[in-house]
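To find a chain, count down the sequence lines: A is the first, B the second, and so on, and within it residues start at 1. As the structure is a computational prediction, the values presented were derived from the model and not from experiment. The figures that follow rest on heavy atoms only: side chains count, while hydrogens, waters and symmetry mates do not.
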2 protein chains.
Amino acid sequence: MRADARRNRERILAAARELFAGEPPEVQMDDLARRAGVGVGTVYRHFPDKEALMGELVRERFALFNEQLRLALDAPGEASADALAQALRASAEGLADDAATRFAFMSGGERVFAHAALEADEFMRLAEVLVRRARRAGLLAPGFRAEDIPMMMCGVCSTMGRPGPGWDWRRHFELLIRGMRAR
Amino acid sequence: MRADARRNRERILAAARELFAGEPPEVQMDDLARRAGVGVGTVYRHFPDKEALMGELVRERFALFNEQLRLALDAPGEASADALAQALRASAEGLADDAATRFAFMSGGERVFAHAALEADEFMRLAEVLVRRARRAGLLAPGFRAEDIPMMMCGVCSTMGRPGPGWDWRRHFELLIRGMRAR
DNA sequence: ACCTGAACACCGTTCAAGT
DNA sequence: ACCTGAACACCGTTCAAGT
């Protein structure tokens with residue numbers, strides 16, 4: 001890829017992160033192009049459509065989640081549930097600070113997730129290792145599965161940055177973690 | 001309201017429920033009007049815009065939630081946590097069968113919830129009574145609050161009818177209920 | 001009072017022309 | 001090889017005319 005093209009691509013993603021973080025549904029491709037300092041056509045050259053742009057945000061976020069899960073792999077067996085909880089907590093904090101990606105997660109269709117399929121698969125592999133380890137140590141609720149983790153993250157995400165009175169996603173998160181752990 | 005106007009209003013809501021249940025983001029006001037057998041202008045006469053239509057779906061759903069919570073009030077103190085869980089479970093089942101309203105819940109802005117403010121307030125009042133009762137009976141996790149309930153419902157809703165592999169909103173729901181209960 | 005639907009405005013996407 | 005932005009298409013919303 002030519003150097004100017006690579007730079008443009010990064011600028012477009014940066015503009016998307018900035019603008020989608022504000023009033024996501026209002027963001028127009030023209031605004032995005034202007035903010036990135038390119039023509040609309042250039043946006044479409046790099047990303048076939050608006051959903052593809054959101055897909056890239058989601059892909060990068062999954063990569064960050066995976067970094068957190070990998071850190072948790074270092075914990076010894078008896079701390080594995082704490083380490084898993086901490087990895088998810090740190091991931092949630094990151095997502096809470098990134099309204100643009102939250103928008104992509106929540107309003108994106110299948111194509112958004114298809115774009116991040118590799119990273120999502122890796123996420124599940126890591127989650128399974130951690131859950132198996134914590135289960136062996138007797139630290140998880142009976143019947144808790146690795147597949148529950150994406151649902152937890154999605155659910156918590158849905159309550160971030162919303163108007164609900166008295167809403168506090170961290171409480172919601174800890175409620176789920178409490179449900180995840182053995183009594 | 002004139003009889004034909006009332007009938008049109010109902011037809012528009014019925015059409016919204018049917019069409020939004022299919023491919024929500026694709027639904028156009030023209031399709032909606034055609035399905036309801038009225039002109040587009042009539043849709044706008046009854047609902048100032050698309051969001052107002054979604055707001056009405058949400059309002060009616062809150063009323064159904066409230067019915068469930070009121071049923072739970074009949075339970076004796078020692079069954080109050082079970083009754084609360086059951087009311088929420090039944091509410092979630094209803095929502096799972098109503099993709100149109102789920103769409104309204106998830107993609108609607110503040111105005112959607114403002115339209116349902118009365119019913120939402122009633123929901124919180126009922127939830128508070130039930131939570132107080134279950135807390136007195138020692139059946140809830142320490143620190144669990146009535147305000148956690150809307151977050152739980154929102155979170156579970158976000159995992160209904162989605163493409164995630166291995167996703168099962170009922171597991172997600174029971175995980176939250178497990179977090180809600182005393183050990 | 002209420003309804004209709006052509007017309008308007010807005011915004012995602014394309015593509016012919018340019019470097 | 002990549003960029004530009006005017007033009008096009010689509011769809012939410014309005015409003016003049018009708019009953």
Quiz item: Which letter, B, S or -, goes with each nucleotide of nucleotides 8-19 of chain C from 5' to 3', with contact meaning a protein heavy atom under 4.0 Å?
Solution: ---SSBBB----
Exercise. Could you state the atom-to-atom distance from CG of A:Asp4 to P of D:dA1 in whole Å?
Key: 13 Å
Quiz item: Does a salt bridge link B:Glu174 with B:Arg89, judged by any charged N lying under 4.0 Å from a carboxylate O?
Solution: yes
Self-check item: Atom pair distance, as rounded to whole Å: CZ in B:Arg11 and C1' in C:dC3
Solution: 13 Å
Quiz item: Taking the six-membered ring for Trp, are A:Phe65 and A:Phe123 parallel (under 30°), tilted (30 to 60°) or perpendicular (over 60°)?
Solution: tilted
Quiz prompt | Cationic N near anionic O, under 4.0 Å, B:Arg145 to B:Glu128 | solution = no
Quiz item: Tell me, do B:Phe173 and B:Thr159 make a side-chain contact under 4.5 Å, heavy atoms counted?
Solution: no
Exercise. Check the distance between D:dA1's C1' and A:Arg7's CZ and give it to me in whole angstrom.
Key: 15 Å
Quiz prompt | pair A:Arg9-A:Phe47: side-chain heavy atoms closer than 4.5 Å | solution = yes
Quiz item: So does B:Arg136 have more than 12 non-hydrogen atoms from other groups sitting under 6.0 Å from CZ?
Solution: no
Practice problem: Considering only NZ, NE, NH1 and NH2 on the basic side and carboxylate oxygens on the acidic side, decide whether B:Arg181 and B:Asp82 come within less than 4.0 Å. | Solution: yes
Self-check item: Stem segments of DNA chain C by first residue number [Watson-Crick or G-U, under 3.5 Å, at least 3]
Solution: C:4-8 with D:12-16, C:12-16 with D:4-8
Self-check item: Value in whole Å for how far the P atom of D:dG5 lies from CZ of A:Arg45
Solution: 16 Å
Exercise. Find the distance A:Asn8:CG to D:dG5:C1' and express it as a whole number of Å.
Key: 15 Å
Quiz item: Is the shortest side-chain N to carboxylate O distance from A:Asp98 to A:Arg17 below 4.0 Å?
Solution: no
Practice problem: Please tell me which of the listed nucleotides, D:dC3, D:dT4, C:dC2, lies nearest to the side chain of B:Ala5? | Solution: C:dC2
Quiz item: Does a side-chain N-to-carboxylate-O contact under 4.0 Å join B:Glu10 and B:Arg7?
Solution: no
Quiz prompt | C:dC2 OP1/OP2 closer than 4.0 Å to side-chain N/O of B:His46 | solution = no
Exercise. Grab the CZ-C1' distance between A:Phe47 and D:dC2 for me, whole Å please.
Key: 15 Å
Quiz prompt | Rounded distance in Å - CZ (B:Arg6) to P (C:dC3) | solution = 12 Å
